[in-house]
Amino acid sequence: MLSRSFYARDSEIVARELLGKILVRKIGNKIFKSKIVETEAYYGTEDPASRACKGGDLRKVMKNRAGTMLVYGIHNNWLINFITGKKGIAEAVLLRALEPLNFSERCKGPGLLCKALKINKDFHKKDICKCKELWVENIKNKEKFEIKSSHRIGVSSDLSKKLRFFIKENEFISR
DNA sequence: CATATGATGGACT
DNA sequence: GTCCATCATATGG
């Protein structure tokens with residue numbers, strides 16, 4: 001399991017380094033493993049694309065300490081974020097797509113991956129470093145892959161930075 | 001209680 | 001790329 005210090009860095013760095021890591025979901029006595037293949041970085045207070053810049057609950061949660069999970073409901077879906085950066089600074093990384101390793105649900109999108117792993121608001125504000133039902137593991141055998149970046153998806157106004165990161169030529173990327 | 005609003009997904013061009 | 005059905009929240013009366 002990754003230590004809290006992994007998340008306590010700039011969200012752009014965490015978003016990049018989360019790629020290729022293994023997300024583990026435990027439901028009852030079953031284990032579901034998947035590889036993280038696509039992420040986006042969000043900067044709450046000064047990010048026009050983030051709803052947290054408008055204030056409210058999201059902004060508060062994004063200021064929690066790194067490693068806190070933030071589950072956000074939109075349309076008929078759930079999206080999961082990990083809080084990054086220092087406590088008091090509103091930063092988070094959104095999980096956008098996973099490559100299923102020992103199951104076959106489709107995970108090509110933030111809403112789909114939450115549905116596949118049965119992630120809902122029960123995980124909101126929980127600690128990814130302590131949770132017994134969902135956590136992130138390091139890769140055993142380092143595999144080589146190229147990280148690409150682009151503008152973020154589904155937002156009307158955005159920063160000029162490219163804050164969406166994904167593994168090049170992976171077939172499980174959304175769109 | 002009423003209503004506005006999307007960090008979407010899927011179908012389609 | 002574009003269109004749009006759909007529903008959990010946030011907010012206001």
Side-chain angles (χ1 to χ4, degrees), chain A residues 7 9-21 23 25 32 34-85 89-100 103-128 131 133-134 136 147-175:
Chain A
Y7 302 99
R9 295 176 294 166
D10 188 277
S11 64
E12 183 176 341
I13 296 172
V14 178
R16 275 180 172 277
E17 295 197 5
L18 230 28
L19 293 177
K21 299 252 185 306
L23 184 74
R25 171 73 163 112
F32 298 92
S34 48
K35 186 167 72 179
I36 299 171
V37 296
E38 183 181 357
T39 61
E40 282 180 7
Y42 280 86
Y43 295 90
T45 47
E46 47 187 81
D47 188 345
S50 172
R51 290 190 58 177
C53 71
K54 295 168 188 155
D57 185 54
L58 275 189
R59 174 187 273 184
K60 278 186 204 164
V61 178
M62 283 175 90
K63 285 187 174 180
N64 282 359
R65 67 175 172 171
T68 307
M69 288 184 261
L70 188 160
V71 180
Y72 174 55
I74 187 70
H75 294 81
N76 50 335
N77 288 293
W78 296 105
L79 315 183
I80 185 167
N81 297 249
F82 299 146
I83 308 301
T84 63
I89 312 275
E91 287 186 20
V93 170
L94 166 70
L95 255 52
R96 278 199 64 90
L98 305 173
E99 176 181 338
F103 59 101
S104 58
E105 316 295 321
R106 293 162 62 251
C107 297
K108 298 174 78 165
L112 286 176
L113 74 87
C114 286
K115 194 185 285 182
L117 296 181
K118 300 191 168 45
I119 293 169
N120 54 39
K121 212 167 188 190
D122 293 346
F123 288 95
H124 191 45
K125 297 184 184 178
K126 286 199 175 179
D127 192 339
I128 190 71
C131 188
E133 299 173 299
L134 184 69
V136 183
I147 294 176
K148 292 200 67 174
S149 65
S150 78
H151 69 84
R152 290 174 295 181
I153 289 182
V155 294
S156 49
S157 52
D158 204 348
L159 298 171
S160 53
K161 281 182 156 186
K162 299 270 205 301
L163 292 173
R164 171 177 177 242
F165 304 99
F166 53 96
I167 294 178
K168 186 184 177 186
E169 288 172 2
N170 186 287
E171 59 174 309
F172 295 92
I173 304 299
S174 60
R175 312 202 173 237

Original post:
Which residue pairs pass the salt bridge (Lys or Arg N to Asp or Glu O under 4.0 Å) test when at least one of the two sits in residues 165-175 of chain A, sequence neighbours left out?
Top reply: A:E146-A:K168
**OP:** Write down the distance between NE2 (A:H124) and C1' (C:dA10), rounded to a whole number of angstrom.
**Re:** 13 Å
Subject >> Spacing of A:L70 atom CG relative to C:dT9 atom C1', expressed in whole Å >> reply: 13 Å
Original post:
Are side-chain heavy atoms of A:L23 and A:L18 found at a separation under 4.5 Å?
Top reply: no
**OP:** Take atom CD of A:E91 and atom P of B:dA7, then tell me their distance rounded to the nearest Å.
**Re:** 19 Å
Subject >> Note, A:F82 side chain near A:M69 side chain (heavy atom, < 4.5 Å) >> reply: yes
Side chains of residues 117-126 of chain A: which donor-acceptor partners sit under 3.5 Å, not counting sequence neighbours?
unit_1: A:N120; atom_1: OD1; unit_2: A:D122; atom_2: N; d: 2.9
unit_1: A:H124; atom_1: ND1; unit_2: A:V71; atom_2: N; d: 3.1
unit_1: A:H124; atom_1: ND1; unit_2: A:V71; atom_2: O; d: 3.4

Original post:
A:Y72 OH to C:dT9 C1': how many Å, rounded?
Top reply: 9 Å
Original post:
Under the salt bridge (Lys or Arg N to Asp or Glu O under 4.0 Å) test, which residues partner A:E38, sequence neighbours left out?
Top reply: A:R96, A:R164
Report each atom pair, protein N/O against N/O of nucleotides 8-13 of chain B, whose distance is under 3.5 angstrom.
unit_1: B:dT8; atom_1: OP2; unit_2: A:G154; atom_2: O; d: 3.4
unit_1: B:dG9; atom_1: OP1; unit_2: A:P110; atom_2: N; d: 3.3
unit_1: B:dG9; atom_1: OP1; unit_2: A:G111; atom_2: N; d: 2.6
unit_1: B:dG9; atom_1: OP1; unit_2: A:L112; atom_2: N; d: 3.0
unit_1: B:dG9; atom_1: N7; unit_2: A:R175; atom_2: NH2; d: 3.0
unit_1: B:dG10; atom_1: OP1; unit_2: A:R106; atom_2: NH1; d: 3.3
unit_1: B:dG10; atom_1: OP2; unit_2: A:R106; atom_2: NH2; d: 3.1

Original post:
Could you write out DNA chain B as a dot-bracket string, with dots for unpaired bases, | for bases paired across to another strand, and Watson-Crick or G-U pairs counted at under 3.5 Å?
Top reply: ||||||.|||||.
Subject >> Spacing of A:K121 atom NZ relative to C:dA8 atom P, expressed in whole Å >> reply: 12 Å
Original post:
What distance do A:E91 atom CD and A:S11 atom OG have between them, rounded to the nearest 0.5 Å?
Top reply: 4.0 Å
Original post:
Can you tell me how far P of B:dA7 sits from CG of A:L58, to the nearest Å?
Top reply: 10 Å
Subject >> Pairs where residues 64-73 of chain A contributes a residue and the test side-chain hydrogen bond (donor to acceptor under 3.5 Å, both in side chains) is met, not counting sequence neighbours >> reply: A:R51-A:Y72, A:R65-A:D127
Original post:
Do A:Y42 and the base of B:dA7 stack face to face, with centres under 5.5 Å apart and an angle between planes under 30°?
Top reply: yes
Original post:
Is A:Y7 close to A:V136 at the side-chain level, that is, under 4.5 Å between some pair of heavy atoms?
Top reply: yes
